[in-house]
Amino acid sequence: MDFTNKTIWITGASSGIGAELAVQLSGFAKRLILSGRDEEKLKVVRQRCQTPCEQVVFAFDLEGLTPSSGDFEVLWEEIDGVDILINSGGISQRSKAMDCIEEVDRRLMEVNYFGTVSLTKWVVNKWLQQPPALLERRPRGEVVTLASVSGKIGAPMRSGYCASKHAIIGYMDCLRPELAGAGINIHVVSPGWVRTAIAENALAGDARCYNRKDRDTEGGIAVEKFVVQMIGQLKKGRKDIVIAEGRARLGYHLRRLFPETFHTLLNRIYRHQDDEH
């Protein structure tokens with residue numbers, strides 16, 4: 001993947017990994033479209049980018065997304081299309097599965113899965129409609145989706161979040177071979193623990209903001225380091241990228257190679273943590 005002189009659309013760009021991607025990619029991109037729910041936060045991120053005046057702020061909510069609306073069509077025409085879509089927007093959860101009300105489970109799926117799928121399909125359809133003459137100047141495109149190691153292995157206190165990330169990994173894994181012949185590449189990046197505000201912004205079981213720090217997240221990879229590694233892996237053309245350290249990396253490989261051992265150890269670890277509380 002080559003980011004140089006490309007138009008790149010980043011969702012979830014108001015904070016965390018999405019914001020750091022915007023800052024680092026602004027060094028090579030032609031233009032960034034920065035999306036998220038909070039327009040004011042997006043404007044702050046734009047000022048951190050190189051050449052802020054070249055970057056476009058386009059705020060929307062992934063929940064209940066209908067990108068076929070006029071605003072999206074106008075944006076596409078004004079920016080003359082995009083080359084790379086980075087799906088970084090999402091929301092997490094911190095609660096036991098049985099303490100989580102249905103509203104939370106549904107919202108996690110709406111944002112992390114349905115909203116991401118909706119935007120991806122809309123952008124891919126735009127690429128597929130490109131006339132042959134335009135394809136000589138611009139290849140069809142690349143989709144990068146931020147999933148999670150939790151979507152590959154599961155983790156207590158994150159049932160709905162893990163389910164939504166598991167779903168989006170499955171969807172993108174199916175989309176990849178279906179679109180390969182059309183010149184569209186699908187990449188999935190699964191982070192382990194990264195030092196962002198994902199825990200504070202997560203949903204508690206009663207749908208309120210969790211608003212607490214998470215020990216694992218606080219001890220995770222610095223977001224700047226993570227994004228450097230992510231960009232490096234994408235430049236190599238990797239399609240299924242896992243970037244994790246410590247227990248998250250160990251858990252991923254243990255789940256993949258020795259699933260029964262993994263489940264036995266996870267049960268013991270969770271019981272011990274539950275007893276501490």
Asker: Would the distance check show the side chain of Ser118 and the main-chain N or O of Phe114 forming a donor-acceptor pair, the cut-off being under 3.5 Å?
Answerer: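 Not confirmed, Ser118 side chain does not pair with Phe114 backbone.
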Asker: Which pair of heavy atoms, one from Ser164 and one from Tyr113, lies closest together, and at what distance?
Answerer: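 Distance-wise, the nearest heavy atoms are O-CB, 4.3 Å.
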Asker: So, taking the atom named CG in Leu203 and the one named OG in Ser95, what distance separates them when rounded to the nearest 0.5 Å?
Answerer: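 Reported to 0.5 Å precision, the distance equals 8.5 Å.
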Asker: Looking at side-chain heavy atoms only, is the closest gap between Met1 and Val144 below 4.5 Å?
Answerer: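 Yes. Closest side-chain heavy atoms under 4.5 Å.
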Asker: Taking the side chain as everything from C-beta on, heavy atoms only, tell me whether Lys236 gets closer than 4.5 Å to Gln233.
Answerer: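 Side chain of Lys236 against side chain of Gln233, heavy atoms only: contact under 4.5 Å found.
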Asker: Ignoring hydrogens and geometry, is there a side-chain-to-backbone donor-acceptor pair from Ser35 to Thr11 under 3.5 Å?
Answerer: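 Side chain of Ser35 to backbone of Thr11: no pair is present.
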Asker: Could you tell me whether the side chain of Arg195 and the main chain of Gly220 form a donor-acceptor pair under 3.5 Å?
Answerer: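 Yes, the answer is positive, given that a donor and an acceptor are paired below the 3.5 Å cut-off.
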Asker: For the hydrophobic clusters of this structure (ILVMFWY residues joined by side-chain heavy atoms under 4.5 Å, transitively), does one cluster hold both Leu65 and Trp76?
Answerer: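 Yes, it is one cluster - the side chains of Leu65 and Trp76 are joined through contacts under 4.5 Å.
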Asker: Please give me the minimum heavy-atom distance between Pro177 and Cys174, naming the atom from each residue.
Answerer: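 The answer is CD-O, 3.2 Å.
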Asker: With sequence neighbours excluded, what pairs up with Lys126 under the side chain to side chain donor-acceptor pair (under 3.5 Å) test?
Answerer: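 Applying side chain to side chain donor-acceptor pair (under 3.5 Å) to Lys126 gives Glu73.
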Asker: For residues Ser14 and Val45, report the shortest heavy-atom separation together with the two atoms involved.
Answerer: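 Where Ser14 meets Val45 most closely, the heavy atoms are O-CG2, 3.7 Å.
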Asker: Applying side chain to side chain donor-acceptor pair (under 3.5 Å), can you list everything that pairs with Asn185, at least two apart in sequence or on another chain?
Answerer: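 Scan of Asn185 (side chain to side chain donor-acceptor pair (under 3.5 Å), adjacent residues dropped) gives Glu142.
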Asker: May I ask you to test the Leu32-Cys49 pair for a side-chain heavy-atom distance under 4.5 Å?
Answerer: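 Touching, per the 4.5 Å side-chain cut-off.
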Asker: Hey, any chance Ile186 and Val123 share a hydrophobic cluster, counting ILVMFWY side chains that come within less than 4.5 Å of each other, even indirectly?
Answerer: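 Ile186 clusters together with Val123.
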Asker: Between Asp80 and Lys30, does any side-chain N to carboxylate O distance fall below 4.0 Å?
Answerer: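 No, this pair does not count.
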Asker: If you round to the nearest 0.5 Å, how far is OG of Ser148 from OH of Tyr161?
Answerer: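 Rounded to the nearest 0.5 Å, the OH-OG separation comes out at 3.5 Å.
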Asker: Main chain of Glu224, side chain of Gln24: is a donor-acceptor contact present, judged purely on distance under 3.5 Å?
Answerer: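 Yes: the side chain of Gln24 pairs with the backbone of Glu224.
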Asker: Which pair of heavy atoms, one from Ala147 and one from Pro191, lies closest together, and at what distance?
Answerer: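 Ala147 and Pro191 have their closest heavy atoms at O-CD, 3.4 Å.
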Asker: Using modelled atom types only, decide if a donor and an acceptor are shared between the side chain of Gln93 and the backbone of Gly160 within a distance under 3.5 Å.
Answerer: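 Yes.
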Asker: Cluster question for you: counting only ILVMFWY and a side-chain heavy-atom cut-off of under 4.5 Å, with indirect links fine, are Ile10 and Leu119 together?
Answerer: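 No; Leu119 is not reachable from Ile10 via cluster members.
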Asker: Ion pair present between Glu102 and Arg106, side-chain N to carboxylate O less than 4.0 angstrom?
Answerer: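 Yes, this pair counts.
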Asker: Measure the shortest side-chain to side-chain distance between Ile84 and Leu25 over non-hydrogen atoms and say whether it is less than 4.5 angstrom.
Answerer: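 No, too far: nothing below the 4.5 Å cut-off.
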Asker: Counting C-beta onward and ignoring hydrogens, is there a side-chain heavy-atom pair between Lys239 and Arg176 closer than 4.5 Å?
Answerer: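 Counting from C-beta outward, Lys239 and Arg176 do come under 4.5 Å.
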Asker: Filter on ring-ring contact (aromatic ring centres under 6.0 Å, His included), then keep only pairs touching residues 175-222, sequence neighbours left out; what's left?
Answerer: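 Non-adjacent pairs meeting ring-ring contact (aromatic ring centres under 6.0 Å, His included): zero.
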Asker: Just so I know, are the side chains of Leu146 and Ile86 near enough to count as touching, which here means a heavy-atom distance under 4.5 Å?
Answerer: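 In short, these two side chains touch, coming nearer than 4.5 Å.
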Asker: Identify the heavy atoms of Ala167 and Met109 that sit nearest to each other, and give their distance.
Answerer: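 Ala167 and Met109 have their closest heavy atoms at CB-CE, 4.1 Å.
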Asker: Please, which pairs that meet ring-ring contact (aromatic ring centres under 6.0 Å, His included) have at least one residue in residues 40-59, sequence neighbours excluded?
Answerer: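 Qualifying pairs, neighbours excluded: Phe58-Phe60, Phe58-Phe72.
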Asker: Apply side chain to side chain contact (heavy atoms under 4.5 Å, CB included) to residues His263 and Arg255 and explain how you reach the verdict.
Answerer: CA-CA 8 Å; His263 292 306; Arg255 173 66 176 85; 3.8 Å; yes
Asker: Nearest 0.5 Å please: distance from the OG atom of Ser159 over to the NZ atom of Lys96.
Answerer: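 NZ of Lys96 is found 12.0 Å from OG of Ser159.
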Asker: Counting only heavy atoms not in Arg31, do more than 12 fall under 6.0 Å of its CZ?
Answerer: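 Counting neighbours around CZ of Arg31, more than 12 heavy atoms of other residues, nucleotides or ligands fall under 6.0 Å, so yes.
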Asker: Can you list, by chain and residue number, the hydrophobic cluster partners of Leu257 when the side-chain cut-off is 4.5 Å?
Answerer: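 Members alongside Leu257: Val149, Ile153, Val242, Tyr252, Leu254, Phe258, Phe262, Leu265, Leu266.
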Asker: Is there a path from Ile91 to Ile101 through hydrophobic residues (I, L, V, M, F, W, Y) whose side chains come within less than 4.5 Å of each other?
Answerer: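 Same cluster: Ile91 reaches Ile101 through Ile, Leu, Val, Met, Phe, Trp or Tyr contacts under 4.5 Å.
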Asker: Could you go through Arg107 and Glu110, starting from their C-alpha distance and side-chain angles, then the distance that decides it, and tell me whether this counts as salt bridge (charged side-chain N to carboxylate O under 4.0 Å, His left out)?
Answerer: CA-CA 5 Å; Arg107 188 176 176 197; Glu110 281 290 340; over 6 Å; no
Asker: Please report the interatomic distance CD(Glu63) to CG(Leu108), rounded to the nearest 0.5 Å.
Answerer: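 Reported value, rounded in 0.5 Å steps: 9.5 Å.
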Asker: Once rounded to the nearest 0.5 Å, what's the spacing between atom CG of Leu34 and atom CD1 of Ile8?
Answerer: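 Reported to 0.5 Å precision, the distance equals 10.5 Å.
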Asker: Should Met230 and Leu21 count as side-chain neighbours, where that means a heavy-atom distance under 4.5 Å?
Answerer: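 A side-chain contact under 4.5 Å exists here.
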Asker: Holding to side chain to side chain donor-acceptor pair (under 3.5 Å), I want the full list of residues that pass it with Ser88, two or more places apart in sequence or in another chain.
Answerer: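 Residues passing side chain to side chain donor-acceptor pair (under 3.5 Å) with Ser88: none at all.
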Asker: For the atom pair CD1 (Ile198) and OG (Ser15), what is the distance rounded to the nearest 0.5 Å?
Answerer: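 Between atom CD1 of Ile198 and atom OG of Ser15 there are 9.0 Å.
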Asker: Distance-only, no hydrogens or angles: does the Arg140 side chain make a donor-acceptor pair with backbone N or O of Ala182 under 3.5 Å?
Answerer: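 Answer holds: yes.
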Asker: State yes or no: do Val227 and Ile33 share one hydrophobic cluster built from I, L, V, M, F, W and Y residues joined by side-chain heavy-atom distances below 4.5 Å, directly or via other members?
Answerer: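 Val227 and Ile33: separate clusters.
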Asker: Given Leu85 and Trp122, is the side chain to side chain contact (heavy atoms under 4.5 Å, CB included) satisfied, shown in steps?
Answerer: CA-CA 11 Å; Leu85 170 65; Trp122 186 81; over 6 Å; no
Asker: In sequence, state the C-alpha distance, the side-chain angles, and the governing distance for Leu128 and Ile184, and then conclude on side chain to side chain contact (heavy atoms under 4.5 Å, CB included).
Answerer: CA-CA 9 Å; Leu128 293 174; Ile184 298 172; 3.9 Å; yes
Asker: I'd like to know whether CD of Glu103 has more than 12 heavy-atom contacts from other residues, nucleotides or ligands below 6.0 angstrom.
Answerer: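 Not buried by this count: 12 neighbours or fewer within 6.0 Å.
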Asker: Main chain of Arg247, side chain of Arg249: is a donor-acceptor contact present, judged purely on distance under 3.5 Å?
Answerer: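 Flag not set: sc Arg249 to bb Arg247 has no pair under 3.5 Å.
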Asker: Between the main-chain N or O of Asn87 and the side-chain N or O of Trp9, is there a donor-acceptor pair closer than 3.5 Å?
Answerer: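 Side chain of Trp9 to backbone of Asn87, a donor-acceptor pair under 3.5 Å: no, none is there.
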Asker: Of all heavy-atom pairs between Ile169 and Val188, which one has the smallest distance, and what is that distance?
Answerer: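 Smallest interatomic distance, heavy atoms only, reads CG1-CG1, 4.1 Å.
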Asker: Any donor-acceptor pair under 3.5 Å linking the side chain of Gln55 with the backbone of Gln50?
Answerer: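 The answer is yes, because a donor-acceptor pair under 3.5 Å joins these two groups.
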Asker: What I'd like to find out is whether the side chain of Ile168 reaches to under 4.5 Å of the side chain of Met172, using heavy atoms alone.
Answerer: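 Contact flag for Ile168/Met172 side chains = yes.
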Asker: Under 4.0 Å between a Lys/Arg side-chain N and an Asp/Glu carboxylate O for Arg215 and Glu218?
Answerer: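 Looking at Glu218 together with Arg215, the answer is no, because their closest N to O distance does not fall below 4.0 Å.
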Asker: Start with the C-alpha gap between Val56 and Leu75, add the side-chain angles, then the distance that decides, and say whether side chain to side chain contact (heavy atoms under 4.5 Å, CB included) holds.
Answerer: CA-CA 9 Å; Val56 177; Leu75 172 72; 4.1 Å; yes
